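Note that the structure is a prediction, hence the values are computed from the model and not measured. So that the names make sense, note that chain A is the first sequence line, chain B the second, and so on, each numbered from 1. Any value given below was found using the heavy atoms of this structure, including those in side chains, with hydrogens, waters and symmetry copies removed.
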Amino acid sequence: MTILTRSFYDRDTVDVAKDLLGKMLVRKIDGNIISGVIAETEAYRYKDDPASHTYGGMTERNQAMFGQVGRAYVYFTYGMHYCVNAVARSPDYEAGAVLIRSLVPKKGIDFMSKQRKIHDISNLTNGPAKLTQALKITKKEYGEDLTKRSSLYVTDGLEIKKSEILSGPRIGIKKANDKMWNFKII
DNA sequence: CTGTTGATCTGCT
DNA sequence: GCAGATCAACAGT
């Protein structure tokens, strides 16, 4: 498995969201290797996207989305949940990131079960806040470099054909529902 | 400072 | 289907 290079994230946020489907998200922690195939993503941009955290400018919380591409943007929401994004945008664009919504567990299923305190594999990482809990991703991973063999990175995975990608409106948001920026594998 | 809202999940009805 | 957990950003006072 080869790690995706910085240039992979150096393109339009929506294109990167599509291309991340089928790739492997790898987490190294306490000597454990945990990995899963990315099965669902959402693109979030900037001024043309009222639903994005960055709409309205940079804040202390969202500054990672304005920073170097290929890094992790982790945010806290609803008082108890973390969600993880990969910073991605074309070079002439100010901000953007891809929310990783769902994984198919591959390695480290024992570790994930322990984190989530459940044994139902199909319920382990099928939601944005579930997968961060399963992979033990917190604000410590804010800004982690996904293009290096660090504690969190993304590698090559399955080949996904265009006909296998389903797009639709993003889930759980009320603004900008005309943007079909949710992508998943059939 | 105060009140509202939210890229969520769980558990109960 | 809906309440509850519980916090950061933001708009308003």
Side-chain angles (χ1 to χ4, degrees), chain A residues 9 12-21 23 25 27 34 36-67 69-89 93-105 109 111-144 146 152 154 165-185:
Chain A
Y9 302 95
D12 187 88
T13 310
V14 176
D15 290 334
V16 176
K18 281 187 235 176
D19 289 347
L20 271 176
L21 293 173
K23 299 292 189 288
L25 183 68
R27 171 82 167 127
I34 306 148
V37 178
I38 298 172
E40 188 175 353
T41 61
E42 274 172 20
Y44 286 90
R45 301 222 305 180
Y46 186 35
K47 285 183 176 167
D48 62 341
D49 186 3
S52 172
H53 284 168
T54 53
Y55 191 75
M58 183 164 68
T59 65
E60 201 174 330
R61 178 208 204 185
N62 66 27
Q63 55 174 319
M65 286 178 70
F66 293 83
V69 297
R71 287 184 178 270
Y73 166 46
V74 182
Y75 69 90
F76 191 65
T77 192
Y78 291 100
M80 52 205 327
H81 294 298
Y82 291 99
C83 297
V84 64
N85 300 244
V87 179
R89 63 178 184 279
Y93 204 71
E94 291 92 338
V98 177
L99 171 68
I100 298 174
R101 285 195 59 87
S102 135
L103 296 176
V104 179
I109 290 173
F111 185 93
M112 291 194 270
S113 304
K114 218 169 154 187
Q115 283 297 315
R116 300 264 297 115
K117 295 180 176 145
I118 57 169
H119 298 290
D120 185 358
I121 293 177
S122 64
N123 209 25
L124 224 44
T125 55
N126 62 337
K130 294 180 187 176
L131 71 91
T132 53
Q133 194 187 349
L135 301 199
K136 209 174 177 180
I137 294 173
T138 68
K139 253 190 164 160
K140 284 180 188 171
E141 278 67 45
Y142 191 101
E144 192 77 358
L146 302 175
L152 186 67
V154 182
I165 297 177
L166 198 65
S167 66
R170 289 169 294 180
I171 294 170
I173 59 170
K174 288 167 185 169
K175 302 167 191 166
N177 265 53
D178 55 321
K179 298 197 187 322
M180 306 289 266
W181 287 352
N182 172 281
F183 306 102
K184 55 187 165 186
I185 302 173

| task | Calculate the interatomic distance between A/Phe76 atom CZ and B/dA7 atom C1'; express it in whole Å. | result | 14 Å

| Any donor-acceptor pair under 3.5 Å linking the side chain of A/Arg170 with the backbone of A/Ala43? | yes

| field | Value rounded to 0.5 Å, distance of CH2 in A/Trp181 from CZ in A/Arg45 | value | 4.5 Å

| query | What class does the angle between the rings of A/Tyr73 and A/His53 fall in, given that below 30° is parallel, 30 to 60° is tilted and above 60° is perpendicular? | reply | perpendicular

| request: For the pair A/Arg27 (side chain) and A/Ile137 (backbone), establish whether a donor and an acceptor sit closer than 3.5 Å, ignoring hydrogens and angles. | output: no

| Does the side chain of A/Glu40 reach to within under 4.5 Å of the side chain of A/Ile171, using non-hydrogen atoms? | yes

Please write out each protein N/O paired with an N/O of nucleotides 8-11 of chain B under 3.5 Å, distance rounded to 0.1 Å.
| residue | atom | partner | partner atom | Å |
| --- | --- | --- | --- | --- |
| B/dT8 | OP2 | A/Gly172 | O | 3.3 |
| B/dT8 | O2 | A/His81 | NE2 | 2.6 |
| B/dC9 | OP1 | A/Pro128 | N | 3.0 |
| B/dC9 | OP1 | A/Ala129 | N | 3.4 |
| B/dC9 | O4' | A/His81 | NE2 | 3.3 |
| B/dT10 | OP1 | A/Arg116 | NH1 | 3.1 |
| B/dT10 | OP1 | A/Arg116 | NH2 | 2.8 |
| B/dT10 | OP2 | A/Lys130 | NZ | 3.4 |

| query | Does C/dC2 have a Watson-Crick or wobble partner in any strand here, with both distances under 3.5 angstrom, and which is it? | reply | B/dG11

| Shortest non-hydrogen contact from A/Arg89 to A/Glu94? | NE-O, 3.3 Å

| query | Quick one: does A/Glu141's side chain get under 4.5 Å of A/Val84's, heavy atoms only? | reply | no

Detail all sub-3.5 Å separations between protein N/O atoms and N/O atoms belonging to nucleotides 9-13 of chain C.
| residue | atom | partner | partner atom | Å |
| --- | --- | --- | --- | --- |
| C/dA9 | OP1 | A/Arg61 | N | 3.2 |

| For A/Asn177 and B/dG6, what is the distance between atoms CG and C1' respectively, to the nearest whole Å? | 14 Å

| Any idea which heavy atoms bring A/Cys83 and A/Asn85 closest together, and the distance? | O-ND2, 4.1 Å

| message | From CG of A/Leu131 over to P of B/dA7, roughly how many Å is that when rounded to an integer? | response | 17 Å

| said: Need the pair for C/dC7. Rule: Watson-Crick or G-U wobble, both distances under 3.5 Å, any strand; none if unpaired. | reply: B/dG6

